[in-house]
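As the structure is a computational prediction, the values presented were derived from the model and not from experiment. Throughout, a chain's letter reflects where its sequence line sits, starting with A, and its residues are numbered from 1. Excluded from the calculations below are hydrogen atoms, water molecules and symmetry mates; all remaining heavy atoms, backbone and side chain alike, are included.
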2 protein chains.
Amino acid sequence: MSKEMILEKIAQAVNILNEKNIDMWLIFVRESSNIKDPSMDIVVGTNCTWPSAFIITKSGDTIAILGSLDVPNMQMQGTYQNIIGYVKSINEPLVTTLQKYKPNKIAINFSRDSNIADGLTHGMYLELVDQLKDTEYINRLISSEEIISALRGRKSPAELELMKTAIKETLRIFDDVTNFMKPGMTEQEVASFVKNLVKERSLGLAWEKDYCPSVFSGPDTAGAHAGPTNRVIQPGHVLNIDFGVNYKGYCSDLQRTWYILRENEDAPPAEVLRGFNIIKESIQLSAKELKPGKLGCEIDDVARKYITSNGYEEYPHALGHQIGRMAHDGGGLLSPRWERYGDLPFKTIEENQVYTIEPRLPVKNYGIATIEEEVVVTKDGCEFLSSPQENIFLIKSS
Amino acid sequence: MSKEMILEKIAQAVNILNEKNIDMWLIFVRESSNIKDPSMDIVVGTNCTWPSAFIITKSGDTIAILGSLDVPNMQMQGTYQNIIGYVKSINEPLVTTLQKYKPNKIAINFSRDSNIADGLTHGMYLELVDQLKDTEYINRLISSEEIISALRGRKSPAELELMKTAIKETLRIFDDVTNFMKPGMTEQEVASFVKNLVKERSLGLAWEKDYCPSVFSGPDTAGAHAGPTNRVIQPGHVLNIDFGVNYKGYCSDLQRTWYILRENEDAPPAEVLRGFNIIKESIQLSAKELKPGKLGCEIDDVARKYITSNGYEEYPHALGHQIGRMAHDGGGLLSPRWERYGDLPFKTIEENQVYTIEPRLPVKNYGIATIEEEVVVTKDGCEFLSSPQENIFLIKSS
């Protein structure tokens, strides 16, 4: 992220601290190239070696306390006003800084429910508690989850522009796939074609290369989050691709569905069309309900009920997630009230958040129908960032 | 890491569990593309989305418990014998698995002192404790630090071969730098030259690209862990480069020192030679003491005392660190007894560990003399993996 974007995010963080009435946000980390707190990219912009504290105060001050050898690098970043180096122990500069600001609430980087706000390792938590054990601040530690959820969730106009480009590039690659793909190819061949385009166009992948893209052809596919296999694409297959790019640090995450026509077909069988349309309609119905003030689980309800009331099994995952610098970003989810999602289904939807909407259903004997769109939340609703898939894409047999 | 190397590392982990009499090693993680436990690369080989447990038992069993959509991908990796998927909550399969093995000691992935063993986030720790709260296993959790330190520290012959190649490629690039570098160039130009060679030779960088390589020319340089600047390399400068490559997942980390001759010089001034030689000698003296059974701080003592007893200031960092899949790898350090290093200076040196040795000293008005070598610990001593720098490299003025 550029220095300017980091300074913009720090300014946004200061506003959020004031809005939530939290005095200080403290990110406590070490060896961040080895294990990286997701907040480092957004409000720091570089890595550190020894135990380090990156502090943003409600009053707008920024203080970095680092091992002395990390100081010059931090100075060159130009993102923090006050940079304090230490040689033997972080204790004195850390405690002195807290005493200067006397914060009543110190938000630290852990969260039960949101991985994106959970960059504090347990060992470093024990270390921090030990550093503060003789001070009153030990009892003033809270989770920074609500700061981070707001900061990552509420996209600035500049962030939205980058995300729109990532989406445009992804849809362009899907069009290229439609022209390229033929029955007889394997899932892996299609994935290689996609990866070559990503490289040619100097894009990055939105997630792990093993399953970005994922390509699923026909019935009995591997299922979501699996890599493409050497399964051969055949006439009569419903095929879907789950794929996203990283454009200048911002990700897309989209899915499209194709049907491979049989020799004598001009159009997919009725049951394929029906499944595809149910998915398409469930996306429109849930998007209509998606607006500030609603809870994520209420949006999941809409699509889930529409799909099951039409006789299909429910999708075994959330309807959607936030997206940004990572494919799975932000806090709240559009998810069912299942224990594995913790309290994330119960978060309130806010303006300028970007969500995916991605229901799925199996069409018996054909494959999986699934579409994934991206929407941005507006003042009183949401807008599609991706041009929604209206019709199943058709591949001719010969 | 290849499937074969992961299986080799898992087998090594089972041996370590038996050696340390620990019944079970449990890695508890989620969304590991967003924040990655360093052990995932070594004994799992892929990422997971939802809360997941990767379990290795003393009896040699491997069990992965994951969100159901992650199961096919895990099956395709082929690294775990038992793969259990869940839809709504990890609780039942996790508790059932513990009840099956009835472990007395369960090592989990946190550590106060070793970042490499501290991949459990605090939020996930709270989650795990909550999952186990109604079982007897809640009181049987210990740190996996000693397992991970041994596993990452003790290099197999295959790992050592890859590390030797990484070192050879690094030294070759240093030779290329000697032929390329001229006074009048900036630190950044030299760094670009190095980065181009890395790219041409299909290597990776051993750490963050902002300061790999670091290039420091002359007095008043930015200091360690800073990126190269637009400072101009001038006659009379002592210059050093800190650089490493990543070769097939294994890193090197080496430093070399150059002197830029003035118009009328054939050799560096006496004080430059003296500083260089003190560094060179301190490396040989400390390497002589480096052997299984010694503590890391005892080795740091040797170099630190030699340098200060010769009238130079002490280096503000550790003498050396372990290296492997990351530039800063393993547990124990060759470091002074400073609080910031926790208990890492007090770890016992073991056979097949690879350490850097990297003292430094400032030569007043000229720059920093520093050499970094890599050694592997043998049965009764250590061997240099890098061919040690014998003489300061000279750059002619014209």
Worked check of side-chain contact (heavy atoms from CB on, under 4.5 Å) between B:Asn47 and A:Tyr211 = CA-CA 10 Å; B:Asn47 284 318; A:Tyr211 43 99; 3.8 Å; yes
Which atom names give the shortest non-hydrogen contact between A:Glu208 and B:Ser33, and what distance separates them?
-> OE1-OG, 4.4 Å
Could you check A:Gln131 against B:Glu339 for side-chain contact (heavy atoms from CB on, under 4.5 Å), going step by step and ending with a plain yes or no?
-> CA-CA 11 Å; A:Gln131 293 293 344; B:Glu339 183 184 323; 3.1 Å; yes
Counting heavy-atom pairs under 4.5 Å with chain B, the top scorer among A:Tyr125, A:Tyr341, A:Trp207 is A:Tyr125
With only heavy atoms counted, which part of B:Ile108 is less than 4.5 Å from chain A, the side chain, the backbone, both or neither?
-> neither
So which part of A:Asn115 gets closer than 4.5 Å to some heavy atom of chain B, the side chain, the backbone, both or neither?
-> both
Where do B:Arg30 and A:Ser111 come nearest, in terms of heavy atoms and distance?
-> NH2-O, 3.0 Å
Given B:Asp329, B:Asn109, B:Val87, the one with more heavy-atom pairs under 4.5 angstrom with chain A than any other is B:Val87
Give the C-alpha distance, both sets of side-chain angles, the deciding distance and a yes or no for side-chain contact (heavy atoms from CB on, under 4.5 Å) between B:Thr229 and A:Met76.
-> CA-CA 9 Å; B:Thr229 67; A:Met76 283 163 75; 4.0 Å; yes
Check whether B:Ile90 gets within reach of chain A through its side chain, its backbone, both or neither, counting any heavy atom under 4.5 Å.
-> neither
Check whether any side-chain heavy atom of A:Phe110 lies under 4.5 Å from a side-chain heavy atom of B:Leu126, and answer yes or no.
-> yes
Can you tell if the side chain of A:Ile116 reaches within under 4.5 Å of the side chain of B:Glu31, non-hydrogen atoms only?
-> no
Determine whether B:Ile35 and A:Asp118 make a side-chain contact, defined as any pair of heavy atoms from C-beta on separated by less than 4.5 Å.
-> no
Please report the shortest heavy-atom distance between B:Arg340 and A:Pro51, naming the atom on each side.
-> O-CD, 4.2 Å
Segment of B:Asp113 engaging chain A (4.5 angstrom heavy-atom cut-off) = backbone
With a 4.5 angstrom heavy-atom cut-off, could you sort out which part of A:Tyr86 is near chain B: side chain, backbone, both or neither?
-> both
Are A:Arg112 and B:Glu127 close enough for a salt bridge, meaning some N to O gap below 4.0 Å?
-> yes
Evaluate the criterion side-chain contact (heavy atoms from CB on, under 4.5 Å) for residue pair A:His122 and B:His122; output intermediate values, then yes/no.
-> CA-CA 4 Å; A:His122 185 55; B:His122 184 55; 3.1 Å; yes
Between A:Asn73 and B:Gly227 the two heavy atoms that sit nearest each other are OD1-N, 4.5 Å
Contact part of B:Ser114 toward chain A, heavy-atom cut-off under 4.5 Å: side chain, backbone, both or neither?
-> backbone
Does the A:Asn34 side chain pair with the main chain of B:His328, one donor and one acceptor, at a distance under 3.5 Å?
-> yes
